[in-house]
Amino acid sequence: MQKLIIYGPAKLMGEIEVEGAKNAALPILTASILAQNKVIITNIPDIADVRHTIEILKYLGCKVLFENNTVVLDSSSIERFTIPPEYAKLMRSSVLFMGALLSKFRRAELSNHPGGCEIGQRPIDLHISAFRQLGIEVFEHNNRIMCRCDKVKGSEIFLPIPSVGATENIILASIFCDGEVVIKNAAKEPEIADLCHFLNKLGAKIRGAGTHIIKIEGVKRLKSEEVVHKVIPDRIVAGTYLCAVAACGGEVVLKNVFPRHLDSILHILKSSVCKIKELKNEIWIKREERLKGGQRITTHYYPGFPTDLQAPVCSAFAVASGVTIIKETIFENRFKHVPELVKMGADIHVEKDIAMINGVEKLRGCKVFARDLRGGAALFVAGLSAQGVTEVMDADYIDRGYERIEEKYSLLGAKILREKGE
Ligand code: EPZ
């Protein structure tokens with residue numbers, strides 16, 4: 001495992017391009033197996049989860065080229081519909097191959113429950129019950145999930161939780177359905193709208209993406225033209241930059257970002273003395289005086305405050321004045337970064353789903369361990385504001401979702417080294 005060595009405190013200054021969104025790139029790459037011709041997808045982040053997804057696509061038989069943040073994919077030679085355990089375990093989004101393979105072959109097998117960050121139970125019961133409502137037979141045996149159907153039938157599916165993954169899997173499985181599939185209480189995340197935008201370019205008929213009601217009208221076949229698609233910017237990577245400036249101080253311009261995807265965090269930081277200006281695809285942020293705490297932040301489904309920014313925002317308010325309360329409502333076990341922040345001198349108490357943060361003047365650098373992707377990013381942000389040297393161990397977690405993080409933050413004036421861990 002890698003480690004990142006951060007020399008704090010840093011003051012972040014300058015401009016930075018935000019990379020493409022992991023949580024849009026993964027479902028879009030998965031959906032590419034349905035294309036009737038070559039697809040060219042640009043603005044793909046060079047991160048571990050993308051490389052793992054490409055490994056799966058190649059295993060299934062696709063021809064894939066990945067260079068300069070661009071994927072060129074030809075799925076005409078795809079021949080398999082089973083995802084082996086070693087791939088299924090790698091990431092949560094491996095489950096999305098179920099929906100896509102069912103549309104491609106009317107059959108799909110996941111040889112193990114999907115992996116991914118251990119931030120809660122993360123069951124897939126909503127995916128499976130939706131598949132059954134679509135007339136798909138689902139067999140579960142020894143952690144294997146096997147699905148098959150003759151035809152996906154038009155249905156109305158109500159999701160008790162607006163699950164991102166379940167919404168995406170229903171959409172992927174319904175492209176060629178009989179009649180129309182309607183998803184009610186669908187997830188509204190921008191990454192889902194980007195997936196639907198891509199699928200409609202391939203020739204699918206999807207309406208209502210980005211709202212709670214998504215309608216998929218079945219088509220006989222997809223278009224035969226080549227398709228080019230640019231993935232949306234990563235709002236969580238952008239939000240992490242904003243939290244880093246809030247924690248460290250400085251003046252930064254984020255480029256290639258959609259401010260409208262970040263309303264919740266921008267609102268919180270504006271109310272905490274950060275000066276912020278939003279332009280079409282840019283955000284300017286400046287923090288001089290000490291960050292002001294005292295807010296109550298609750299994670300919600302989009303457009304509420306994203307659970308994926310909960311950890312980085314903890315690190316920002318760990319050095320703010322006053323007491324800040326953070327309530328995590330999406331995942332049951334997503335405060336693993338807190339004991340590591342406390343090692344750095346933070347004063348944070350967690351009780352069930354609530355973290356109470358008594359802001360301290362300064363954090364001090366020490367050796368800390370990443371336990372998951374966003375928790376790792378939180379320790380990285382804390383290391384930037386801390387006095388002295390912070391070693392973030394198991395930084396591979398961070399590489400799953402952030403492209404060359406040490407190079408990007410070095411462009412903003414931070415001093416960071418990457419080394420092999422012990
Ligand atoms: C997606 O995960 C994202 N991952 C997560 O980002 C993100 O935290 C999450 O959505 C919420 O925004 C990707 O897009 C690859 P859910 P997903 O299904 O699809 C429960 C990151 O850091 N649930 O919306 O797994 C579930 O346990 C990652 O980039 C069921 O109970 O999330 C959770 O409590 C981490 N049964 C809630 O719903 C199900 O069948 C939301 O999960 C499915 C979900």
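In listed order, ligands and their atoms are each counted from 1.
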Can you pull out the closest protein heavy atom to [atom]? Residue, atom name and distance to 0.1 Å, please.
| atom | value |
| --- | --- |
| atom 42 (O) of ligand 1 | F331 CZ, 4.1 Å |
| atom 3 (C) of ligand 1 | N23 ND2, 3.7 Å |
| atom 40 (O) of ligand 1 | L126 N, 2.8 Å |
| atom 36 (N) of ligand 1 | D125 OD1, 2.6 Å |

Considering only NZ, NE, NH1 and NH2 on the basic side and carboxylate oxygens on the acidic side, decide whether [X] and [Y] come within less than 4.0 Å.
| X | Y | result |
| --- | --- | --- |
| E19 | K408 | yes |
| E180 | R207 | yes |
| D49 | R400 | yes |
| R51 | D46 | yes |
| E55 | K58 | no |

Under the criterion side-chain contact (heavy atoms from CB on, under 4.5 Å), which of C248, S385, C274 is the partner of L291?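 Checked C248, S385, C274 against L291; only one passes side-chain contact (heavy atoms from CB on, under 4.5 Å): C274.
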Contacting atoms of ligand 1, where contact means under 4.0 angstrom from a heavy atom of [X]:
| X | answer |
| --- | --- |
| I330 | 33 (C), 34 (O), 41 (C) |
| D308 | 5 (C), 6 (O), 7 (C), 8 (O), 21 (C), 22 (O), 28 (C), 29 (O), 35 (C) |
| G165 | 18 (O), 19 (O) |
| K22 | 21 (C), 29 (O) |
| Y301 | 37 (C) |
| R92 | 25 (O), 43 (C) |

Tell me which part of [X] gets within contact of ligand 1: side chain, backbone, both or neither, using heavy atoms under 4.0 Å.
| X | result |
| --- | --- |
| I236 | neither |
| I161 | side chain |
| L373 | side chain |
| V164 | both |
| R374 | side chain |

Measuring from non-hydrogen atoms of [X] to any atom of ligand 1, is the shortest distance under 4.0 Å?
| X | result |
| --- | --- |
| Y302 | no |
| H127 | yes |
| P123 | yes |
| R334 | yes |

Judging by distance only, is a nitrogen or oxygen of [X] under 3.5 angstrom from one on ligand 1?
| X | answer |
| --- | --- |
| R122 | yes |
| A166 | no |
| S163 | yes |

Does any part of the side chain of K104, heavy atoms only, come nearer than 4.5 Å to the side chain of I78, both counted from C-beta?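 Sidechains of K104 and I78: in contact.
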Do V381 and T240 have side chains that approach each other closer than 4.5 Å (heavy atoms only, starting at C-beta)?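 Yes - at least one pair of side-chain heavy atoms lies under 4.5 Å apart.
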Going by ring pair (Phe, Tyr, Trp, His ring centres under 6.0 Å), name the residues that satisfy it together with F258, two or more places apart in sequence or in a different chain.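 With neighbours one apart ignored, the set is H261.
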How many angstroms lie between [atom1] in [X] and [atom2] in [Y], if you round to the nearest 0.5 Å?
| X | Y | atom1 | atom2 | answer |
| --- | --- | --- | --- | --- |
| Y87 | L60 | OH | CG | 9.0 Å |
| E189 | S163 | CD | OG | 9.0 Å |
| S76 | K38 | OG | NZ | 11.0 Å |

Backbone of R144 reached by a side-chain donor or acceptor of S111 within 3.5 Å: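 Flag not set: sc S111 to bb R144 has no pair under 3.5 Å.
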